[in-house]
There are 2 protein chains.
Amino acid sequence: MSASRIAGSFENEEFLLFRLANAARRVSTLCAGVYENEFGLSVPEWRLLAQIGRFGTISATEVRERTSMERVAISRAAARCLASGLIVERTSRLDKRSKVLSFTAKGRALYRSVVPRSEALASEIEAGLSRTEVRQLKKLLGKLDDHARDMAARAIA
Amino acid sequence: MSASRIAGSFENEEFLLFRLANAARRVSTLCAGVYENEFGLSVPEWRLLAQIGRFGTISATEVRERTSMERVAISRAAARCLASGLIVERTSRLDKRSKVLSFTAKGRALYRSVVPRSEALASEIEAGLSRTEVRQLKKLLGKLDDHARDMAARAIA
DNA sequence: GAAAATTTGTTTCAGATGAAACTTTATCGC
DNA sequence: GCGATAAAGTTTCATCTGAAACAAATTTTC
């Protein structure tokens, strides 16, 4: 069949995009279920809380720099965490556009309970791979992300 | 600060989920722009066409088995490709529930023009990594996906 | 020091997405 | 063969998502 002759190398190796999309969707759905069912958190909410947990007090921009989350996602995650009383925000004195986020007692307590579960979940997910493979995979994903970011930046410029 | 002491190993290594989500989002957005701007195709539509290109005539279920796409995504991609005259569908004689999909002349021509662009795009994206790293990454993503699928299946059962 | 441009964060809108209900056809158990 | 169960695809609905417009504050430029 002519169609398949045309395909060339495309035929045997599936495009990285597709594998990446599949793996990300699968892992994300799995984790989202756990965070939602056990803690009532969405993945972006947990991502935000994890940053506050690490850095104590942090602005949305700092979260973005550290996680590559989108502005909108951070804003929405923060709004929901505020509404559920997990965090408080205060306008920064240095820059009144900026609001710094920090835990309430309730938020800190929740964070403390999520961390071990999150680690256990990561272990479960990574259990299909060896330690070396996990390290390798993270490294390669980081490299790919960096390269793709460069490409996107160049495309815009 | 007590919050950071709690974090433990979580502190240094970013959770695989997050890296995966970042890389997938970045690559997907990049590719979606190319397919959309240059061919008027969404990623799921291109994924579907790629399967028809490889296998000639194929049912939605076979597409799902081969790509891990969701039923709904396939159904919608097929509806749009039908509407834009890229494919036709015929009820299978063997199973009247099933519809087999195949190219129109227009669809085949488009497919032929997308394949080389898709390969070039893949090369560009993979250019940040060595050949070995690309192979490794694909392998690890496949393994991770398989393991996560098993976990999800076990969670339901 | 005021106008222009930039940055921070929010909101809006339109399209994407996924779970669940649904329709139709096929298969299983008896 | 007939009722129950399952499978193929579609549709609905409620939510998620991202791009772009937006408001407010800051920085830059002249």
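Protein chains get the first letters and strands the later ones, always in sequence-line order, with residue 1 at the start of each. Values below: every heavy atom of this structure, side chains too, minus hydrogens, waters and symmetry copies.
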A.B. asks: Assess B:Arg66 against B:Phe55: is NZ or CZ under 6.0 Å from the centre of the six-membered ring, and within 45 degrees of the ring's axis?
C.D. replies: yes
A.B. asks: Quick check for you: among C:dG9, D:dA19, C:dA19, whose closest atom lies nearest to any side-chain atom of A:Lys99?
C.D. replies: C:dG9
A.B. asks: Give, for atom CZ of B:Arg131 and atom CD of B:Glu126, the distance between the pair rounded to the nearest 0.5 Å.
C.D. replies: 8.5 Å
A.B. asks: Within this structure, what is the CD1-to-C1' distance between B:Ile74 and D:dT11, rounded to whole angstrom?
C.D. replies: 16 Å
A.B. asks: For the side chain of B:Pro44, counting heavy atoms from C-beta on, which of D:dA19, D:dG9, C:dT17 is nearest?
C.D. replies: C:dT17
A.B. asks: From C-beta outward on A:Val72, which listed nucleotide comes closest to its side chain: D:dA8, C:dA19, C:dT11?
C.D. replies: C:dT11
A.B. asks: Indicate yes or no: at least one non-hydrogen side-chain atom of B:Val100 is less than 4.5 angstrom from one of B:Ile58.
C.D. replies: no
A.B. asks: For DNA chain D, whose closest nucleotide is more 5', that of B:Asp95 or that of A:Arg93?
C.D. replies: B:Asp95
A.B. asks: To the nearest Å, how far apart are B:Glu62 CD and D:dA7 P?
C.D. replies: 17 Å
A.B. asks: In terms of side-chain heavy atoms of A:Ser98, which of D:dA8, C:dT8, C:dA19 is nearest?
C.D. replies: C:dT8
A.B. asks: How close or far is atom P of D:dA8 from atom CG of B:Leu101, stated in whole angstroms?
C.D. replies: 14 Å
A.B. asks: I need the residues from residues 79-88 of chain A with at least one non-hydrogen atom less than 4.0 Å from DNA chain C; give them sorted by number, or say none.
C.D. replies: none
A.B. asks: What is the distance, to the nearest angstrom, from the CG atom on A:Asn37 to the C1' atom on C:dA19?
C.D. replies: 14 Å
A.B. asks: Does A:Thr61 form a side chain to side chain contact (heavy atoms under 4.5 Å, CB included) with A:Ser98? I'd like the steps, not just the answer.
C.D. replies: CA-CA 8 Å; A:Thr61 297; A:Ser98 186; 5.7 Å; no
A.B. asks: Could you tell me whether B:Arg47 sits above the aromatic face of A:Phe18, with NZ or CZ closer than 6.0 angstrom to the six-membered ring centre and within 45 degrees of the axis?
C.D. replies: yes
A.B. asks: What integer distance in Å separates B:Lys96:NZ from C:dT27:P?
C.D. replies: 12 Å
A.B. asks: Can A:Lys143 and A:Asp146 be counted as an ion pair, charged N to O under 4.0 angstrom?
C.D. replies: no
A.B. asks: Could you state the atom-to-atom distance from CE of A:Met69 to C1' of D:dA19 in whole Å?
C.D. replies: 17 Å
A.B. asks: Taking A:Ile74 as the starting point, is it possible to reach A:Val88 by hopping between hydrophobic residues whose side chains are less than 4.5 Å apart?
C.D. replies: no
A.B. asks: Atom CD of A:Glu89 and atom P of C:dT10: how far apart are they, to the nearest Å?
C.D. replies: 6 Å
A.B. asks: Are A:Ser75 and C:dT11 close enough that a side-chain N or O sits under 4.0 Å from OP1 or OP2?
C.D. replies: no
A.B. asks: With hydrogens left out and only the distance checked, is there a donor-acceptor pair under 3.5 Å joining A:Arg25's side chain and the base of C:dG18?
C.D. replies: no
A.B. asks: Is A:Asn37 reaching over with its side chain to a backbone N or O of A:Gly33, donor-acceptor style, under 3.5 angstrom?
C.D. replies: yes
A.B. asks: B:Arg71 has an atom CZ; how far is it from atom P of C:dT23, in whole Å?
C.D. replies: 16 Å
A.B. asks: Under 4.0 Å between any heavy atoms, over every strand shown, what does B:Ser59 touch: base, sugar-phosphate, or nothing? Just pick one.
C.D. replies: sugar-phosphate
A.B. asks: Looking at B:Arg76 and C:dG18, is any side-chain donor or acceptor paired with a base atom of the opposite kind under 3.5 Å?
C.D. replies: yes
A.B. asks: What about B:Arg97, does its side chain sit under 3.5 Å from the base of C:dA26 through a donor-acceptor pair?
C.D. replies: no
